[in-house]
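Notes follow once the structure below has been shown.
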Amino acid sequence: MIVWGRPSSVNVQKVLWALTEHGMTFENRVVGGKYGGTDTEAFAAMTPVPRVPVLQDGDLTLWESHAILRYLSGGVSPLADQWMEYTTSTLQPAFLRMFYELVRTAPEARVLDAAALIADFLAAVPPLEWQLAKTEWLGGDSFGMADVAAGAMMYRACDLCDPLTPEVARWYEQLKDRAAYRDIVMTSYEELRG
Ligand SMILES: N[C@@H](CCC(=O)N[C@@H](CS)C(=O)NCC(=O)O)C(=O)O
C-alpha cells in the first residue's frame with residue numbers, strides 16, 4: 001500500500017497509525033504542505049481534492065482519512081462509526097480552528113480570540129468523557145478506529161489547553177502506552193508553526 005501525505009498532518013497520522021496497529025506494510029510518499037506535490041496532474045488523477053492523505057492499494061485509490069480507516073479495518077462498529085462522525089463534525093473542526101490560530105498563524109498575524117477558540121474546543125470534549133465513563137475505549141471495550149480518529153489530535157491539543165477530564169485523561173494515558181501513538185502522533189510539528 002502507498003500512503004500519500006506528509007506525516008506532520010493529523011489526518012495522515014491517523015492512516016499511518018492505523019496501518020501500523022494493523023501490522024500492515026506500506027510506503028509513505030511525503031507530499032502536501034511545504035513538500036508540495038499535490039498540485040500535479042498525477043495527484044489530481046487520484047483525488048479531486050488536493051489534500052492528504054490518499055491511500056493506494058492495488059487498483060483502489062481512496063481519500064478522506066476516516067473512509068481509509070474504515071477500509072483498513074474492514075468496517076467499524078456502529079458505536080465506533082458514531083464517534084468517527086462526531087470527530088469529523090465537531091471535535092476536529094474545533095481543534096483545527098484552535099490549532100490554526102495558535103500554531104499555524106504567526107503571533108503578529110493572529111486576530112481571533114484565543115480564549116474563545118480554546119473554550120470552543122474544550123466544549124467539544126465532555127461527550128468523550130461521557131462515553132469513556134461507560135467504555136474503556138471510545139468505540140467499546142477494545143481499541144479501534146474511533147480512538148485513532150479522535151486520539152490523533154489529543155497530543156497537540158494538550159499542548160494548547162487542558163482537555164484531560166478524568167476519563168479522557170485515562171484514555172489519553174492508554175493512547176500514550178501504544179508504541180504507534182508515540183512514534184507517529186507524538187512527534188514534532190514545528191514545521192507547521194507560522
Ligand atoms: N477530510 C479530509 C481532510 C484532509 C485535509 O484537509 N488534509 C490536510 C492536512 S491535515 C491537507 O491536505 N492540507 C493541505 C496540505 O497539506 O497540502 C481527511 O480527513 O482526509
Side-chain angles (χ1 to χ4, degrees), residues 1-22 24 26-57 60-76 80-106 109 117 120-121 124 128 138-139 144-160 163 175 180-181 183-194:
M1 288 193 226
I2 300 171
V3 181
W4 295 84
R6 54 184 172 82
S8 59
S9 147
V10 74
N11 290 312
V12 173
Q13 288 180 354
K14 293 172 190 174
V15 174
L16 300 177
W17 181 13
L19 281 160
T20 305
E21 293 280 359
H22 285 309
M24 294 166 164
F26 60 91
E27 178 193 340
N28 181 205
R29 297 199 182 157
V30 178
V31 296
K34 71 171 191 175
Y35 304 97
T38 54
D39 56 354
T40 64
E41 277 184 27
F43 201 81
M46 293 195 295
T47 170
V49 187
R51 295 195 163 261
V52 292
V54 176
L55 178 82
Q56 285 183 304
D57 183 13
L60 178 71
T61 302
L62 263 186
W63 43 280
E64 280 295 343
S65 59
H66 292 187
I68 296 171
L69 297 186
R70 291 184 186 95
Y71 169 69
L72 294 175
S73 301
V76 298
D81 204 24
Q82 169 190 275
W83 286 106
M84 292 168 76
E85 289 294 314
Y86 180 74
T87 299
T88 298
S89 67
T90 307
L91 185 70
Q92 186 157 338
F95 165 74
L96 287 177
R97 286 192 294 273
M98 176 177 74
F99 188 74
Y100 268 75
E101 181 71 5
L102 300 183
V103 175
R104 301 209 65 169
T105 305
L117 292 169
D120 279 354
F121 174 72
L128 275 63
L138 268 184
M145 294 303 106
D147 303 296
V148 170
M153 65 209 69
M154 293 307 287
Y155 172 65
R156 294 177 184 183
C158 286
D159 282 350
L160 299 175
L175 296 179
Y181 190 77
D183 293 347
I184 293 163
V185 178
M186 299 179 73
T187 54
S188 170
Y189 48 89
E190 282 307 304
E191 71 174 48
L192 302 178
R193 212 169 275 283

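This is a predicted model, so every value here is computed, not measured. Counting convention: from 1, in listed order, for ligands and their atoms alike.
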Do [X] and [Y] come close enough that some side-chain heavy atom pair is under 4.5 Å?
| X | Y | result |
| --- | --- | --- |
| L55 | W63 | no |
| M84 | L69 | yes |
| L175 | D147 | yes |

Q) Near ligand 1, which protein residues have a heavy atom under 4.0 Å away? A) R6, S9, N11, G32, G33, R51, V52, P53, E64, S65
Q) Charged N to carboxylate O under 4.0 angstrom, E27 versus R29? A) yes
Q. Can you check whether F99 and F121 have ring centres sitting under 6.0 Å from each other?
A. no
Q. Given the rule in the side chain to side chain contact (heavy atoms under 4.5 Å, CB included) test, do V52 and T38 qualify, once you have shown the distances and angles that lead to the verdict?
A. CA-CA 8 Å; V52 292; T38 54; 4.1 Å; yes
